[in-house]
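What follows is a short report on a single structure.
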There are 2 protein chains.
Amino acid sequence: MTRATILTIEDDPAIRRGIVDALDFNQYSVIQAADGDEGLKKSTQNEYDLLLLDLALPGTPGLEILREVRKLRPTQPVIILTAKGEESDRVRGLEDGADDYVVKPFSIKELMARVEAVLRRTPQRPSNNEAVSFPTGQVDFERRELRFVDSSRSELSEKEVELIRYLANNRGRAISRDELLSSVWRLNPKGISTRTIDMHIARLREKLRDNKEKPEILLTVRGKGYMWAAQPTQVGD
Amino acid sequence: MTRATILTIEDDPAIRRGIVDALDFNQYSVIQAADGDEGLKKSTQNEYDLLLLDLALPGTPGLEILREVRKLRPTQPVIILTAKGEESDRVRGLEDGADDYVVKPFSIKELMARVEAVLRRTPQRPSNNEAVSFPTGQVDFERRELRFVDSSRSELSEKEVELIRYLANNRGRAISRDELLSSVWRLNPKGISTRTIDMHIARLREKLRDNKEKPEILLTVRGKGYMWAAQPTQVGD
DNA sequence: GGCAAGTTGTAACATTAGGTTAGAATACCA
DNA sequence: TGGTATTCTAACCTAATGTTACAACTTGCC
């Protein structure tokens, strides 16, 4: 069991190698990208616990990657790597939502400290197969089904599971259709025009037995997308 | 400066006196209600940091008060007081969302421990005049105005301040119009039919310079109400 | 292969919640 | 008392979402 999955976007092979080794040694699972285009692709197609992003890259520039990722995944943790002197880049990066930065040349020790710090303050999401509950029941990701308090069940399809997982992992945050298409469907279309998501939501609401007129679990956020309702109250301890 | 404001709904004058004294001694601000009707009124008209609710009351029964309050304020912390033996009431109370219970007769020490515990695990809201920020600026409750990053400002009216405060204090949670009417307007109408809230929201969006078609700060949750957007990312430390 | 069941996507239409405008009521103040 | 700011109401309108019905695709099985 690795501690977290980290995407490293860095073109210098020596530096990349160093980073990967260090992360690997510290029990992280590491994915690599050697240039901007590959980085953009990997970072937008998948969600990682952390992105290590060199700003000076061949291909798509680091800052653009950052902005794209940020648009799609507002909460994706990102640490940027900048060369000494390129202070303006660093400032732009932080403005664009990077969580922290490391200035090259850096020591492995320093990098690891930053990594740990950012991961530490990332709100801990339920891990992949942890139970997600809603007022009238809970989601069993293992068995791909919903179990209700009256112990009845409904089965979930593949896409439904992924959709529910993504939404539930981000409860309390309104997720745009773009973000869903990118994260759940692994597509990357700017400004979509498909009702597919709405369809799936409708089907999910049905299975969740959510209130049809006034949903209480899977909320519609006008002009934005959908949201898994924040837990109203936690009863007892 | 008191630590928190607590509403005590308890008909027995001796017990009530004891509770009030103890809370007072511990720096809490205490409001009292001596029967169910008064309790229902006070608990629905105002929001408190904590509700101490005796279940056996003349007038409106405790459980009904609990349910009404819960409908209006899903996060209102509540501790119920039950007589020894009335176990079914206690269970019902917890089912209906009470956060904890104390069985009579209880020691002051025990009560205080419960109070502290519940308050401790209540998600700490920004206190009344703490700054609330949004991506393009922040709310200054003192001066009743919005300050933007470009250091321009807009003034807020009384109602606007209260509305913004309530929504922002509950960011990430969709607030129903009923809850707003009850908490901000201090009205108690079941199933409203006024567009007043929508109006105020529109004006607020204007002042917040929120995106008109796709709001990013003050979101509309279909069939439910409105929501102050959850913080997308916290930049840096 | 090819049929059946299940899943996912699309097109087209329907509905209505919420945005919006304009003005009436009310409160505030000098 | 008149003027100004604020709040509320009524009425209208639109576009975002819900919804239906079916087409396309996948999967497994004989």
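Letters A, B, ... are given to chains in the order of the sequence lines, protein chains preceding strands, and every chain is numbered from 1. The structure presented is a predicted model; accordingly, all values stated were derived computationally and were not measured.
- Comment: B/Arg203 does not engage B/Asp210 in a salt bridge, judged by the lack of any side-chain N to carboxylate O separation of less than 4.0 angstrom.
- Listed candidates were D/dG18, D/dC8, C/dT10. Nearest to the side chain of A/Met199 is C/dT10.
- Atom NZ of B/Lys214 is separated from atom P of C/dG19 by 13 Å (rounded to the nearest Å).
- Using a 4.0 Å heavy-atom cutoff across all strands shown, A/Glu158 reaches sugar-phosphate atoms only and no base atom.
- Residue contacts shown for B/Arg205 are limited to sugar-phosphate atoms, with no base heavy atom under 4.0 Å away.
- B/Lys207 has a carboxylate O that lies under 4.0 Å from a charged side-chain N of B/Glu160, or vice versa, which qualifies the two as a salt bridge.
- Heavy atoms of A/Thr196 sit under 4.0 angstrom from at least one base atom.
- A salt bridge links A/Arg195 and A/Asp198; the closest N-O separation between the charged side-chain nitrogens and carboxylate oxygens is under 4.0 Å.
- Ranked by how close their nearest DNA chain C nucleotide is to the 5' end, A/Trp185 and B/Lys212 are led by A/Trp185.
- The side chain of B/Asp198 lies closest to C/dT20, out of C/dT20, D/dT17, D/dC8.
- Checked against side-chain hydrogen bond (donor to acceptor under 3.5 Å, both in side chains), B/Ser151 has no partners two or more places apart in sequence or in another chain.
- As rounded to whole Å, 12 Å separates atom P of C/dG18 from atom NZ of B/Lys224.
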